[in-house]
Amino acid sequence: MSHRPLPGRRSVLRGSLVASAALALPTALGSAPAFALSGRPRADWGVQAGDVTSDSGLVWVRSDRPARMIVETSATESFRNPRRWHGPLLGADSDFTGTTRLHGLPAGEQIHYRVLLADPDDPRRTGEPVAGTFRTAPAKRRHGVRFVWSGDLAGQGWGINESIGGYRIFDAMAKTDPDFFLCSGDNIYADGPISATAALPGGGVYRNVTTEEKSHAAITLDDYRGNFRYNLLDAALRRFNAQVPNIIQWDDHEVRNNWYPGEVIGAGTPYPAGTRLDDLALRSRRAFSEYFPVSTISGRPDGRIYRVVSHGPLLDVFVLDMRTYRNANSPDDQTTDPVGILGREQLEWLKRELARSRAVWKVIANDMPLGLVVPDPVEGKPNFEAVSQGDPGAPLGRELQIAELLRFIKHRRITGTVWLTADVHHTSAQHYDPSRAAFKDFEPFWEFVSGPLNAGAFPASALDGTFGPDRVFVKAPTASNVSPAEGYQFFGEADIDGDSGELTVRLREYDGTVLFTRTLQPGRVGQ
C-alpha cells in the first residue's frame, strides 16, 4: 500500500525514546528515587499523545512533584530549532498529570516531541526530558492510514506478569507501525483487585505486579487514579505510548462491571450498601480525564467522551460512549425505547456527523457489540448488558435505536461505515445482511471484534438474529477466564490503501500472528 515514510523514527526508538520509556518507577515500586535528590521533577511514567489530527494533537505527562509542563517539537530527533509549547502547572489537584494541546502542525509528517518538567519556582531547573513521536494525519488521500484496536486491560485479576513479558501485546502492535491505537474501552478494571499470585490450570502460578490501589475495588478518587497509574508500571505499554498516539474510549470496568446511570448497589458487594454508581462514575471520569489525552475532556472531567477524530481524507473515527447515557439494564424487550444505549442526544449527534463526513471510511467505534448477546442477570431476571437480548425477531429495546441508525445510514446513502468493538474477550468477524434479518431496512455491513489486551478470555457469545449476523470467523477458548499466559489475547489492524482506498482488516493474536483477513471496497453503502 501507499504509506508514509518514517523519517528518523527507528533511530528515535533506539535512542532517547527507549531510554525514557524504560525509566524505573521507584515511587510505585517502593524504592528511593535517586534522581529526586537533585530536586528536579521526574516524568517516570512516560509520555503519551492522543487524538492526533492533520494539524493538532495532545501530549500527556505525569510528574513526581509540582512542575510546569513544557513541550518541545521538532521535525527531527536532533531537536534543532525546536518549537516550544508552555503547558499547565502540574499539581496535586490533577494527581500531577497534565496535557498540552499542540496546534498548527504540518500534515502527514513525523513529529518528534519531548516533555520537560520545570521547577515552578525556578524555570531554569528542569528534569530529564522524556521523548516521544507521532505522525500527523495526511492531508492527501494517496497517503494510506494504518491503525490497530483492542480493549480490556488487566481484567479478571490478570495483571502485569513480568515473567511473560508484561503487557507483551503492545510490542506486537507497535511492530505493525500504526498511525494510532484505538482503545475500545475497559482501559482498567476498577472493580477487579489484583493479587500477587493466581493459580493456573495444571498447577502453575501467574505472578502479578501489585500496588495498594489494585488490592481492592476502587471507591475513592485516589483508588481510580491508582488503577490508571497501575498500567503505566508496564514497560511495554510505556514504550508503546511514546511511539503510537491513542484514541481512547471507555466502557463499564472504568467504573464497575455492567454499570448504568442511576444504579444503586445493594448489600453483599465490595461496596457500601447504597453506593450510587453515578458518584463512582464521576470519580472515574475525573481520573480518566487526568490520565488520558482526550480532546473533548482534557482538563474538563465533566466533559463528554463521544467525539469524531478526523484522520485525513481517508478516515473519520466516530468514538461512541455506550455507557454514560444508556437506560437501565433490563430484559430489554420493550417495544418503545427513547433512551436506548446511546441516549437521544448522542444518537442525533452521530447521525448528523455521519451525514456530514466526507471521509472515504467512517469507522464507528462501538464499545459494545451490536449482535452479540451479553447477559447481565440480576436476582433471577434475564437482564442484558449490550444491544441485543437474543430474540431474533423484530427490534426490541435498545435494538430499536440501532435500527433507526442503520435505516438512516441506508436512506442517506452514507458510504464506508465499519463497526469496531471489543468487550467480549474473544475475536470475531460478523457480517450483517438484511436478507438474513428480521429487520430489513438497512444495507449490509461488517462488525469486527477484538480483545482482550491482557485479561481473561471467554467463550464466544451467542448471536442475535435481528440484524442478520453471520459470524464468518471466531477464535475463542472453550473455557472461561483463560489467563494471558495461555494465549487468547487479540488485537485488530485496519489498513487503508492510499491508492485504491481499500480497507483491509486483520484480526491478530498477541504475538502478531494474522488469524483472519478481509478487504472491503470503498464507496459503498454497506459492504
Side-chain angles (χ1 to χ4, degrees), residues 3-21 23 40-63 67-90 97-119 123-140 143 145 147 174 177-181 238-248 291-295 298-299 309-312:
H3 204 75
R4 291 190 295 287
L6 308 174
R9 180 170 184 155
R10 297 306 177 200
S11 56
V12 158
L13 296 176
R14 289 194 299 268
S16 61
L17 180 55
V18 169
S20 64
L23 287 171
R40 296 172 187 263
R42 291 175 60 95
D44 291 340
W45 303 89
V47 291
Q48 55 179 312
D51 286 11
V52 170
T53 69
S54 60
D55 64 355
S56 67
L58 302 170
V59 171
W60 173 97
V61 76
R62 183 178 192 266
S63 177
R68 174 68 64 181
M69 180 181 181
I70 300 169
V71 181
E72 292 183 339
T73 62
S74 175
T76 66
E77 65 224 62
S78 67
F79 285 93
R80 183 176 299 174
N81 300 318
R83 185 177 179 184
R84 175 165 282 207
W85 312 79
H86 292 279
L89 182 64
L90 314 182
T97 66
T99 297
T100 298
R101 182 182 297 274
L102 312 182
H103 54 84
L105 302 175
E109 298 291 340
Q110 195 74 32
I111 304 297
H112 301 266
Y113 69 91
R114 61 188 178 193
V115 178
L116 298 91
L117 298 176
D119 186 326
R124 296 170 299 177
R125 292 174 56 80
T126 60
E128 187 78 17
V130 183
T133 186
F134 61 83
R135 284 192 294 265
T136 51
K140 299 180 180 178
H143 294 138
V145 177
F147 68 94
D177 189 33
D179 291 292
F180 62 88
F181 169 54
R238 296 197 308 277
R239 285 194 298 270
F240 184 84
N241 281 344
Q243 180 182 354
V244 180
N246 297 312
I247 297 177
I248 302 289
Y291 275 84
F292 291 120
V294 174
S295 56
S298 179
V309 181
S310 178
H311 207 82

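Given the structure is predicted, the values throughout are model-derived calculations rather than measurements.
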(message) Distance check, rounded to the nearest 0.5 Å: I248 atom CD1 versus Q48 atom CD?
(response) 7.0 Å
(request) For P245 and G50, work out which heavy atoms get closest and say how close. (result) CB-N, 4.5 Å
(request) Apply the side chain to side chain contact (heavy atoms under 4.5 Å, CB included) test between T99 and each candidate in P293, P88, S295; give the one that qualifies. (result) P293
(message) With a 4.5 Å cut-off on side-chain heavy atoms, are F147 and I247 touching?
(response) no
(request) Give the minimum heavy-atom separation between P129 and R114, together with the two atoms involved. (result) CB-CD, 4.3 Å
(message) For D55 and T53, which I'm curious about, is there any donor-acceptor pair between the side chains at under 3.5 Å?
(response) yes
(request) Start with the C-alpha gap between M69 and V59, add the side-chain angles, then the distance that decides, and say whether side chain to side chain contact (heavy atoms under 4.5 Å, CB included) holds. (result) CA-CA 10 Å; M69 180 181 181; V59 171; 4.1 Å; yes
(message) Main chain of G108, side chain of T136: is a donor-acceptor contact present, judged purely on distance under 3.5 Å?
(response) yes
(request) Just say parallel, tilted or perpendicular for the rings of F180 and H311, cut-offs at 30° and 60°. (result) tilted
(request) Determine the interplanar angle of the F181 and F240 rings, folded into 0 to 90°, and report it as parallel if under 30°, tilted if 30 to 60°, perpendicular if over 60°. (result) perpendicular
(request) Write down the atom of S63, the atom of A67, and the distance for their closest heavy-atom approach. (result) OG-CB, 3.7 Å
(request) I would like to know whether D177 and R135 meet side chain to side chain contact (heavy atoms under 4.5 Å, CB included); could you show each step before the answer? (result) CA-CA 11 Å; D177 189 33; R135 284 192 294 265; 3.4 Å; yes
(message) Between the side chains of D51 and R101, is the shortest nitrogen-to-carboxylate-oxygen separation below 4.0 Å, so that they form an ion pair?
(response) no
(request) Any chance you could lay out the side chain to side chain contact (heavy atoms under 4.5 Å, CB included) test for V61 and L90, step after step, and finish with the verdict? (result) CA-CA 9 Å; V61 76; L90 314 182; 3.9 Å; yes
(request) Show the numbers, then the answer: is there a side chain to side chain contact (heavy atoms under 4.5 Å, CB included) between L105 and F134? (result) CA-CA 11 Å; L105 302 175; F134 61 83; 4.0 Å; yes
(message) Ignoring hydrogens, what is the shortest heavy-atom contact between V52 and A137? Give both atom names and the distance.
(response) CG1-N, 4.5 Å
(message) Measuring from atom CG of N241 to atom CZ of F292, what distance do you get when rounded to the nearest 0.5 angstrom?
(response) 8.0 Å
(message) Given 3.5 Å as the limit, does a donor-acceptor pair link the side chain of R68 with the main chain of G87, or not?
(response) yes
(request) Drop me the distance from T97's OG1 to W45's CH2, to the nearest 0.5 angstrom. (result) 12.0 Å
(message) Looking at every non-hydrogen atom in both residues, tell me the closest pair between S54 and P138 and how far apart they are.
(response) CB-O, 4.5 Å
(request) Assign the ring pair Y291 / W60 to parallel, tilted or perpendicular, where the plane angle (0 to 90°) is split at 30° and 60°. (result) tilted
(request) Give, for atom CG of N81 and atom CD of E72, the distance between the pair rounded to the nearest 0.5 Å. (result) 11.0 Å
(message) Let me confirm one number: the CZ-CG distance from R42 to L117, rounded to the nearest 0.5 Å.
(response) 10.5 Å
(message) Looking at every heavy atom in both A43 and V130, which two are closest together, and how far apart are they?
(response) CB-CG2, 3.5 Å
(request) Quick one: pull up OG1 in T133 and CD1 in I111 and give me the separation to the nearest 0.5 Å. (result) 8.0 Å
